[in-house]
Amino acid sequence: MSISRRSFLQTGAALMAGLPFARAIPAMAAPLDTLVIATGQTINSLDLHRTGTNRPSYQVAINCYDRLISFGSKELEDGSLSFDYSKIEPELAQSWTISEDGLTITFKLKPDAVFWDGRKVTAADVKWSFDRAVSVGGFPSTQMRAGGFTRPDQFEAVDEETFLVKLDKPSKLSLPDLAVPVPFIINSEVAIANATAEDPWAMEYLHTNPAGSGAYKVARWDNGQQIVFERFDGWVGGPLPAVARVIQREVPNPATRRALIERGDVHVSFDIPDKDAAELADKLTVYSTPIANTIHVVGINYDFEPFQDANVRKAIAYAIPYEEIFQTAAYGRGAPLWGGDAEIADTAWPRKSPYFTDIEKAKELMAASGYPDGFSVPMSISTDLSSWMEPTALLIQEALGKIGILAEIEKIPGANWRTAALVEKRLPLHLENFGGWLDTPDYYFFWAYMEGNLFNSSNYLNAEVQALTEQTLPMAQDDPEYLPKIRRMFEIAFEDLPRIPLYQPALNVAVNGAEGYEFWFHRQLDIRSLKGSGEL
């Protein structure tokens, strides 16, 4: 028997019935081997490779599937844990070697790795999975391309435990790109058995039925309400997780999530608003980690005619009340990204734009534009991200009204946001929050400024930026040509303004009766390191 979504949200601690471990009990009374998590985000698919799969869904790939390798960990200044981009560690691979010319990477798989059904993980499964990632198109294929992986003929299963990757040219991003969520290893026998001629990659089946070798299996997924993970005791990709079951409830209302974590009805509240993080820090353990290579921006869609006018774009940049947004929406958490020096001397990214709040200058630019009398435009935000997007949009709406731009706020459900903003790229004026997984500025530009790539929600195209990004992507950062090329990319980006930087955000996570939280670049919860604190 299931309770309604409305009842679920009203009771707060109530949980979908039907599983012995999914009873309507508060977290503090839950068994020691179970953790309960609250999140405001919606998982819309169990297959990261599927077109339109949203960012919250990445956690299924992270927790339920293995990659060949992973990043290591480090302790931050505040004592919390974070991934370490400088360390590459084994996951499904036991070891790997790189040829002297940098063009071949040979992986040896762990001989005792098995899928959930008990079948041995083989190099043939790795090849099928990599072939899928480079062939399905969209986000996963573009992500693979960032590391130099574009075609199935680059992958070879030499024998059951030996997998070969062949590169067209050496790249600083190739090995790190295999540690991101996209190149996950699928049980190819299960997938092929459920594929069809119209669906050779089993997209429909894997959308609702994961088939992996990862630390956790999906025991239950009630779309829009909860997901339940159950530990796979045969996992060899790392230390066996301490927690046998993790129940993640979707609780859209931030106030309800706050009440749940304060009362101890959940152990972890993930991605809480900055306001709650500031106010809860004295009561609970709250982790606030600046998100590397991530920027909250105003997206200006070049397909919308008024935004093809440079003066209009710059007028908006000077009208934005940056400081007020930073204090109101972010509560001062994160890092400001406005009012920077016009001269660019290094490759630091994110970096402050040269723009700042100057309404008179904004009015002058509008008067000099082709739209001196202004215009109307919808300004789109995601309901999943309303804690920062809504106050930001309201402040921008007020500011743009002063220069003749009437912006009507459009709220798009979180489950539909990725399709509208990033796949269809149909939103004229919108807020966006892309974060680059691989920590270099050229990688950020690859995703956010290259024609057609997923996070280029502005439909931006500049031939010089395209060429510079392609050149710098594989280039070593100590190459003497790297700095001048990156500097030029920055100059063009701030002149063309398809994305107006607001601030670098922090990811806030509150815990009550749990420990072991570790921040990851993908901004999703890695449940494999979590454990009860003994206070249950």
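As the structure is a computational prediction, the values presented were derived from the model and not from experiment. We use all heavy atoms of the structure for the numbers below, so side chains are in, but hydrogens, waters and symmetry mates are not.
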Any side-chain heavy-atom pair from Cys64 and Val218 closer than 4.5 angstrom?
yes
Here the pair of heavy atoms bringing Ala345 nearest to Arg487 is O-NH2, 4.3 Å
If we only count heavy atoms from C-beta on, is the Lys352 to Trp338 side-chain gap below 4.5 Å?
no
Is any side-chain heavy atom of Arg418 closer than 4.5 Å to one of Ser382?
no
Evaluate side chain to side chain contact (heavy atoms under 4.5 Å, CB included) for Asp442 paired with Leu173, printing each intermediate quantity in order.
CA-CA 10 Å; Asp442 44 273; Leu173 298 183; 4.2 Å; yes
Between Thr42 and Asn44, do the side chains contain an N or O donor and an N or O acceptor separated by less than 3.5 Å?
no
Using the six-membered ring wherever Trp is involved, compare the ring planes of Phe139 and Phe455 and label them parallel, tilted or perpendicular (cut-offs 30° and 60°).
perpendicular
Check Lys411 with Glu390, please: is the shortest side-chain N to carboxylate O separation under 4.0 Å?
yes
Looking at every non-hydrogen atom in both residues, tell me the closest pair between Ala362 and Ile403 and how far apart they are.
CB-CG2, 3.9 Å
Please answer whether the main-chain N or O of Leu438 pairs with a side-chain N or O of Asn293 as donor and acceptor at a distance below 3.5 Å.
yes
Has the side chain of Thr53 got a donor or acceptor atom that lies under 3.5 Å from a matching backbone atom of Thr51?
no
Indicate yes or no for a side-chain donor-acceptor contact from Arg231 to the backbone of Pro241 under 3.5 Å, with no hydrogens or angles considered.
yes
Are Tyr444 and Phe434 an aromatic pair, judged by ring center distance below 6.0 Å?
yes
Determine the sole option in Thr39, Leu507, Asn508 for which the side chain to side chain contact (heavy atoms under 4.5 Å, CB included) test with Asp271 is passed.
Leu507
Could you check if a side-chain atom of Arg523 sits within less than 4.5 angstrom of a side-chain atom of Asn433, using non-hydrogen atoms only?
yes
Mutual orientation of the aromatic rings belonging to Tyr318 and Phe356 [parallel < 30°, tilted 30-60°, perpendicular > 60°]:
perpendicular
Full working for side chain to side chain contact (heavy atoms under 4.5 Å, CB included) between Ile486 and Trp349:
CA-CA 10 Å; Ile486 293 293; Trp349 187 263; over 6 Å; no
Search all heavy atoms of Ser269 against all heavy atoms of Arg257 and return the closest pair with its distance.
OG-CB, 3.9 Å
Is the ring pair Tyr443/Phe446 parallel, tilted or perpendicular, if the boundaries are 30 and 60 degrees?
parallel
Would you please classify the geometry between the Tyr503 ring and the Trp388 ring as parallel, tilted or perpendicular, with 30° and 60° separating the classes?
perpendicular
Donor-acceptor contact present, side-chain Arg313 to main-chain Glu495, <3.5 Å:
no
Between Tyr58 and Trp520, does the ring centre distance come in under 6.0 Å?
no
Could you state the interatomic distance from CD1 (Ile300) to OG (Ser457), rounded to the nearest 0.5 Å?
10.5 Å
Arg245 side chain to Asp33 main-chain N or O, any donor-acceptor pair under 3.5 Å?
no
Distance, nearest 0.5 Å, that separates CG of Asn63 from CG of Asp526
5.0 Å
May I ask you to decide if the ring planes of Tyr517 and Tyr287 are parallel, tilted or perpendicular, using 30° and 60° as cut-offs?
tilted
One pair to check against side chain to side chain contact (heavy atoms under 4.5 Å, CB included): Leu454 and Gln143. What are the steps and the verdict?
CA-CA 9 Å; Leu454 185 66; Gln143 178 64 52; over 6 Å; no
How many angstroms lie between CG in Leu48 and CD in Gln524, if you round to the nearest 0.5 Å?
10.0 Å
Is it true that the side chains of Asp222 and Gln226 contain a donor and an acceptor less than 3.5 Å apart?
yes
Checking the side chain of Glu515 only, and the main-chain atoms of Lys531 only, is there a donor and an acceptor separated by less than 3.5 Å?
no
Please determine whether side-chain hydrogen bond (donor to acceptor under 3.5 Å, both in side chains) holds for the pair Asp78 and Ser80, giving the CA-CA distance in whole Å, both sets of side-chain angles, and the decisive distance to 0.1 Å.
CA-CA 6 Å; Asp78 63 359; Ser80 63; 2.6 Å; yes
Side chains of Glu518 and Ser73: is there a donor and an acceptor less than 3.5 Å apart?
yes
Nearest 0.5 angstrom please: Trp221 CH2 to Gln248 CD, how far?
12.5 Å
Counting N and O atoms only, with roles assigned by atom type, does the side chain of Glu91 sit under 3.5 Å from a partner on the main chain of Ser70, one being a donor and the other an acceptor?
no
Nearest-0.5 Å distance that lies between atom NE2 in His522 and atom CZ in Arg55:
12.0 Å
Using side chain to side chain contact (heavy atoms under 4.5 Å, CB included) as the criterion, point out the one residue from Leu429, Thr392, Ile325, Leu497 that pairs with Val298.
Leu429
Does any N or O in the side chain of Ser380 come within less than 3.5 Å of the main-chain N or O of His430, such that one atom is a donor and the other an acceptor?
no
Heavy-atom check, side chain of Val509 versus side chain of Phe270, under 4.5 Å:
yes
Before giving the answer on side-chain hydrogen bond (donor to acceptor under 3.5 Å, both in side chains), spell out for Ser57 and Asn54 the whole-Å C-alpha distance, their side-chain angles and the decisive distance to 0.1 Å.
CA-CA 6 Å; Ser57 304; Asn54 61 4; 2.6 Å; yes
Apply side chain to side chain contact (heavy atoms under 4.5 Å, CB included) to residues Phe375 and Ile405 and explain how you reach the verdict.
CA-CA 5 Å; Phe375 55 88; Ile405 299 176; 3.8 Å; yes
Is a donor on one side and an acceptor on the other found under 3.5 Å between the side chain of Glu262 and the backbone of Ala259?
no
Is the closest basic N to carboxylate O distance between Arg351 and Asp346 below 4.0 Å?
yes
Heavy-atom neighbours of Glu408 CD exceed 12 at 6.0 Å
no
4.5 Å side-chain heavy-atom contact, Lys425 and Asp303
no
Kindly indicate whether the side chain of Leu422, heavy atoms from C-beta on, has any atom under 4.5 Å from the side chain of Glu432.
yes
For the pair Asp496 (side chain) and Pro498 (backbone), establish whether a donor and an acceptor sit closer than 3.5 Å, ignoring hydrogens and angles.
no
Atom pair OH/OH of Tyr322 and Tyr355 - distance to nearest 0.5 Å
8.5 Å
Of all heavy-atom pairs linking Ala514 and His267, the shortest is CB-CB, 4.0 Å
Do Leu400 and Gln397 touch side chain to side chain, with heavy atoms closer than 4.5 Å?
no
